[in-house]
Q: 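The structure that follows is given in the form of structure tokens.
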Amino acid sequence: MDKQERVNTIVSILKNKSGASIKELSHQLDVTEMTVRRDIKYLKENKIVQVVSGAVIYNGSDPNENKQDEYDLTTQKNNRASEKYNIAKLAASLIEPNDIIFIDIGTTTAQIIEHIPSNSSVEIVCCTMNALLEIHKKGFKDFILIGGHYRPELQMFESREGLDLISRTRTTKAFISAAGVNAKLGITCTNSCEVDTKNAAINCALEKILVIDSSKFDMVKSTYFASLNDFDAIVTDRGLSEEWIEKIKQLNISLYLA
């Protein structure tokens, strides 16, 4: 287990417990206490955990957390609405004739469909109710809906059969959402049920495009699903810091600012 995996595992453990000692974490991760202390030091510096009376506690008051456990797609729609609209519009402009596109879970990704011309020769693959409604409003007939058990808080369908269908379907572009981007800990989301769908879509796309507003950069959520290097392009807003712009350029990832 490398550092990135360890740190994400520590966060996941602490989110499900009231606290844990260095010794307990060392035992669960099967690494030395010295290694755990280094990881905890990093997490403390990033205000993700705190240490109280010898116990490591997840920092539930972290301002970057935005009530992660209360995430609901409907309530998220109005957060940074103008930025999301512009990001979705710019992402849609990257779509070319005859593209086969995957639209991931999320409010911004679903809005991409709104900006695709109705006469476009595009096939859409989606796994959410909000994306399906946008497809219906635009009158698109060439689409694949990934079905399964419905999760209302995400408006998402998921099933083993759905994952198999994604894995058998090749797309030219996958528009993927995220809840956090961290230079060291990678790209994270709020719900573990999203991971298999995101990974299947990433693995089956020619071009992987991260669609995310700038407030999510430097955030860390509990569930890791990809690294920055897994993406060919990032579409975000002009609130992105110069430091992040430089990091993305160094990784040779195409950057589009709405």
Side-chain angles (χ1 to χ4, degrees), residues 2-8 10-11 38-39 41-49 59 61-68 71 76-95 102-112 115 173-191 194-195 198-199 201-202 205 207-258:
D2 61 23
K3 179 178 179 179
Q4 183 167 290
E5 292 173 313
R6 283 197 318 273
V7 173
N8 280 288
I10 289 170
V11 173
R38 285 197 296 265
D39 292 339
K41 181 176 182 291
Y42 172 79
L43 289 169
K44 283 177 63 180
E45 289 171 351
N46 284 274
K47 300 181 180 179
I48 297 167
V49 304
N59 186 12
S61 62
D62 179 358
N64 285 337
E65 188 55 28
N66 287 332
K67 295 185 179 179
Q68 176 173 319
Y71 180 89
Q76 290 295 313
K77 186 174 183 180
N78 294 324
N79 288 345
R80 299 176 63 84
S82 61
E83 288 90 345
K84 290 179 178 181
Y85 179 89
N86 292 332
I87 291 167
K89 185 176 181 179
L90 179 53
S93 73
L94 303 178
I95 298 171
F102 176 84
I103 299 293
D104 192 20
I105 304 148
T107 54
T108 310
T109 44
Q111 287 187 69
I112 293 171
H115 298 288
K173 294 181 175 73
F175 294 94
I176 304 296
S177 65
V181 179
N182 184 280
K184 292 184 178 179
L185 302 185
I187 303 176
T188 51
C189 59
T190 57
N191 296 278
E194 301 177 52
V195 173
K198 291 178 184 293
N199 284 338
I202 289 170
E207 186 176 359
K208 282 75 74 172
I209 303 169
L210 183 64
V211 180
I212 185 171
D213 71 77
S214 62
S215 70
K216 307 294 177 55
F217 285 81
D218 291 320
M219 277 195 180
V220 177
K221 299 300 181 178
S222 62
T223 308
Y224 169 83
F225 72 89
S227 69
L228 276 169
N229 286 323
D230 290 322
F231 288 89
D232 304 292
I234 296 173
V235 184
T236 187
D237 59 81
R238 295 183 181 276
L240 189 66
S241 69
E242 289 297 327
E243 181 182 3
W244 267 108
I245 291 172
E246 185 58 33
K247 285 178 184 176
I248 292 166
K249 285 181 180 178
Q250 289 175 1
L251 291 171
N252 293 319
I253 299 171
S254 298
L255 177 63
Y256 300 90
L257 299 177

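What you see is a predicted model, and the numbers here were worked out from it, not measured in a lab. These values consider heavy atoms only, across backbone and side chains, with no hydrogens, waters or symmetry-generated copies.
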Q: Heavy atoms only: give me the nearest K216-A178 pair and the separation to one decimal.
A: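 Heavy atoms of K216 and A178 come nearest at NZ-O, 4.0 Å.
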Q: Are any non-hydrogen side-chain atoms of I212 and I187 less than 4.5 angstrom apart?
A: no
Q: Do I105 and N191 make a side-chain contact, defined as non-hydrogen atoms from C-beta onward lying under 4.5 Å apart?
A: no
Q: Is the number of heavy atoms from other residues, nucleotides or ligands under 6.0 Å of K247 NZ greater than 12?
A: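 For K247, atom NZ is crowded (more than 12 foreign heavy atoms under 6.0 Å).
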Q: Among residues at least two apart in sequence or on other chains, which ones pass salt bridge (Lys or Arg N to Asp or Glu O under 4.0 Å) with K249?
A: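 For K249, no residue satisfies salt bridge (Lys or Arg N to Asp or Glu O under 4.0 Å) once neighbours in sequence are set aside.
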Q: Can you list everything that forms a side chain to side chain donor-acceptor pair (under 3.5 Å) with D39? Sequence neighbours excluded, please.
A: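 D39 satisfies side chain to side chain donor-acceptor pair (under 3.5 Å) with R6 only.
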Q: Taking C-beta and beyond as the side chain, do V11 and L43 meet within less than 4.5 Å on heavy atoms?
A: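 They are in contact (side-chain heavy atoms under 4.5 Å apart), so the answer is yes.
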Q: May I ask you to test the L257-D237 pair for a side-chain heavy-atom distance under 4.5 Å?
A: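 The answer is no; the side chains never approach within 4.5 Å.
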Q: Do K84 and T107 have side chains that get closer than 4.5 Å, going by heavy atoms?
A: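 In short, these two side chains touch, coming nearer than 4.5 Å.
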Q: Restricting to side chain to side chain donor-acceptor pair (under 3.5 Å), what partner residues turn up for E242, sequence neighbours left out?
A: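 E242: no side chain to side chain donor-acceptor pair (under 3.5 Å) contacts found.
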Q: So, do V220 and V7 sit near enough that their side-chain heavy atoms are less than 4.5 Å apart?
A: no
Q: To check you understand the geometry: which heavy-atom pair defines the closest contact between I87 and D213, and what is its length?
A: CD1-CA, 3.6 Å
Q: Would you say the side-chain atoms of D104 and S177 include a donor-acceptor pair closer than 3.5 Å?
A: yes
Q: Cut-off 3.5 Å, no hydrogens considered: what does the side-chain donor-acceptor table look like for residues 225-235, sequence neighbours left out?
A:
{"from": "S227", "atom 1": "OG", "to": "D230", "atom 2": "OD2", "distance (Å)": "3.3"}
{"from": "D230", "atom 1": "OD2", "to": "S227", "atom 2": "N", "distance (Å)": "2.8"}
{"from": "D232", "atom 1": "OD2", "to": "K208", "atom 2": "N", "distance (Å)": "2.7"}

Q: What are the two closest heavy atoms between T109 and I176, and how far apart are they?
A: CG2-C, 4.3 Å
Q: Under the rule for side chain to side chain donor-acceptor pair (under 3.5 Å), what residues qualify as partners of Y85, not counting sequence neighbours?
A: none
Q: Grab the two heavy atoms, one from A88 and one from Q111, that are nearest each other, plus how far apart they are.
A: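 So the two residues come closest at CB-CB, 3.5 Å.
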Q: Measuring only between side-chain heavy atoms, which start at C-beta, is L185 closer than 4.5 Å to Y42?
A: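 Yes, close enough: below the 4.5 Å cut-off.
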Q: Considering all heavy atoms of both residues, which atom of H115 and which atom of A92 are nearest to each other, and what is their separation?
A: CB-CB, 3.5 Å
Q: Under the rule for salt bridge (Lys or Arg N to Asp or Glu O under 4.0 Å), what residues qualify as partners of K44, not counting sequence neighbours?
A: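 Applying salt bridge (Lys or Arg N to Asp or Glu O under 4.0 Å) to K44 gives none.
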